[in-house]
There are 2 protein chains.
Amino acid sequence: MSPREPVEARPHTGRRRNPAVRRAVLDCAADLLAGPDGMAVSIDAIARAAGVSKHTIYRWWPSKGAVLLEAMIERAQQEVTIPDTGALATDLEAFLADTFRAVEQVAHLLRGLMAEALRDTAAAEGMREFIAARRDELRGLLVRGLARGELPAETDLELTIDQIYGLMWYRLLIVRSPLTTETAVHLSRTVARPGTPP
Amino acid sequence: MSPREPVEARPHTGRRRNPAVRRAVLDCAADLLAGPDGMAVSIDAIARAAGVSKHTIYRWWPSKGAVLLEAMIERAQQEVTIPDTGALATDLEAFLADTFRAVEQVAHLLRGLMAEALRDTAAAEGMREFIAARRDELRGLLVRGLARGELPAETDLELTIDQIYGLMWYRLLIVRSPLTTETAVHLSRTVARPGTPP
DNA sequence: CTTTGACGGAACCAACAGTTTCGGCAATAA
DNA sequence: TTATTGCCGAAACTGTTGGTTCCGTCAAAG
């Protein structure tokens, strides 16, 4: 996924990859997906929109899913801060508000990616990694709250995480209702109710 | 969707529809989707498995999504009782346990249907109807609890429903962890905590 | 027996994912 | 400058899919 720098003996000769091509492909993929007919975006369409040959796309990405995944990761991973204010309620609220805002901006991308992941095993695998990473962030936040006694000691963390991200994906994919800051506030209140201190 | 009986002036002449064809198509569609390669089930494959011509399938269903939707509805709608024991906790628990059990049995169908709905507007519309009906059932259950003061008066019902079905779909589509009776118990406890009586 | 209409078979189309071939051109090492 | 490496576009190609169309057959009813 990450374009690691290969440790080559030879310092690299020949023509270099054109960064503008990469940008054009990722941007056009995202734009097309956000368009009126965003459900069905073909590689041909992306290539045409980006002024790039299909050949070039397949030189750098193994599949359509990989293109969408990279476009999404690039846009989503940029700014979701992981707060640590010392209180679970405020941490969670900030984290969710931030996440929801980021997610709303790549909603089309996520829907297209999910459609791909439901058919292509490779795309599904890439998704799973991304999702696992997001779960880890949220779990860390909850664990701190749990340690401070801000959650009942017997809280099932995985279930809680499932509930939070479940609501997010459900609204994103199925009912398509918006994820607002109010949702974040409301959700963090229903989830993180004070428990019995240890 | 429902095969309504047309009010024809002429009492119907000619050869009748073979019910065995319908059964074979729906059953084979479900079976293929549950198979090892369930992500990609083509109309051709369904026709081949059912010993039926593609022509016949398209005579009775407008699209692949319609076939899957009908197969799913037929299997899912059969036995999810809506309990009314007088107490929200037990109602919810029974309803969710029942729902989860039914859903687990058509999990493959639901995933295939969702994949279709993310691409095809018509399939998405069919899904929305089905989902709205399920939401109505759950809402009725919660409203009764709310009226009895078993939920805080200020409870946001839609959010609560989103949380419940959100968890369900999230596990079904994304993390693919099982929906057990324990999940139902656990979930109904975290959602339906006693509120301030009116 | 005639009409209506369900059904199978097969050919057909357009769109798509993905691959391959070719020829040109840009960057680097010599 | 020149040879080499390798990026890039154009376009043809394969195989699969959803969906349509035509034809011939066969079953049910009047």
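The analysis underlying the following values was restricted to heavy atoms, covering all of them including side chains, and did not include hydrogens, waters or symmetry mates. Sequence lines set the chain letters: A, B, ... in the order given, protein chains first and strands last, and positions in each chain run from 1. These numbers were taken from a predicted model, which means no experiment stands behind them.
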Among the nucleotides D/dG9, C/dC16, C/dA26, which one has an atom lying closest to any side-chain atom of A/Ser42?
C/dC16
Enumerate the salt bridge (charged side-chain N to carboxylate O under 4.0 Å, His left out) contacts for residues 94-104 of chain A, please, sequence neighbours excluded, ordered by first and then second residue.
A/Asp98-A/Arg101
Among residues two or more places apart or on two chains, list those pairs meeting salt bridge (charged side-chain N to carboxylate O under 4.0 Å, His left out) that have a residue in residues 81-94 of chain A.
A/Asp84-A/Arg144, A/Asp91-A/Arg144
For B/Asp44, give me all partners under side-chain contact (heavy atoms from CB on, under 4.5 Å), at least two apart in sequence or on another chain.
B/Ser42, B/Arg48, B/Lys54
Please figure out whether A/Ser63 or B/Val21 has its closest DNA chain C nucleotide nearer the 5' end.
B/Val21
Side chain of B/Arg15, base of C/dA6: donor and acceptor closer than 3.5 Å?
yes
Side-chain atoms of residues 109-123 of chain A: list all donor-acceptor pairs with protein atoms under 3.5 Å, sequence neighbours left out, distances to 0.1 Å.
from	atom 1	to	atom 2	distance (Å)
A/Arg111	NH1	A/Leu172	O	2.7
A/Glu116	OE1	B/Arg119	NH2	3.2
A/Arg119	NH2	B/Ala115	O	3.4
A/Arg119	NH2	B/Glu116	OE1	3.2
A/Asp120	OD1	A/Ala122	N	3.2
A/Asp120	OD2	A/Ala123	N	3.4

Residue pairs passing the salt bridge (charged side-chain N to carboxylate O under 4.0 Å, His left out) test with at least one member in residues 159-169 of chain A, sequence neighbours excluded, are A/Arg135-A/Asp162, A/Asp162-B/Arg171
Quick one: do B/Leu167 and B/Gln163 satisfy side-chain contact (heavy atoms from CB on, under 4.5 Å)? Show the steps, please.
CA-CA 6 Å; B/Leu167 176 111; B/Gln163 276 185 272; over 6 Å; no
Between the protein and nucleotides 20-24 of chain D, are there any N/O to N/O pairs under 3.5 Å, and if so, what are the atom names and distances?
from	atom 1	to	atom 2	distance (Å)
D/dT21	O4	B/His55	ND1	3.3
D/dC22	N4	B/His55	ND1	3.3

Within this structure, what is the CD1-to-P distance between B/Ile43 and C/dC12, rounded to whole angstrom?
22 Å
Does A/Arg16 have a side-chain nitrogen or oxygen under 4.0 Å from the phosphate oxygens OP1 or OP2 of C/dT28?
yes
Between B/Ala40 and A/Ile57, which residue's closest nucleotide on DNA chain D lies nearer the 5′ terminus?
A/Ile57
Could you tell me whether the side chain of B/Trp169 reaches within less than 4.5 Å of the side chain of B/Ile131, counting heavy atoms only?
yes
Across the strands shown, which category fits B/Trp61 at heavy-atom distances under 4.0 angstrom: base, sugar-phosphate, nothing?
nothing
Can you tell me if the side-chain N/O atoms of A/Trp60 get under 4.0 Å from OP1 or OP2 in D/dC8?
yes
Nearest whole angstrom, please: distance from the P of C/dA10 to the CZ of B/Arg48.
13 Å
Can you tell me the distance, in whole Å, between the CG atom of A/Asn18 and the P atom of D/dG6?
17 Å
For atom CG of B/Asp120 and atom P of C/dC16, their distance in whole Å
14 Å
Could you give the CG-to-C1' distance, from A/Asp44 to D/dA11, as a whole number of Å?
12 Å
Touch class at under 4.0 angstrom, heavy-atom based, for B/Val41 against every strand present:
sugar-phosphate
Give a yes/no answer on whether the side chain of B/Thr56 brings an N or O atom under 4.0 Å of OP1 or OP2 in C/dG8.
yes
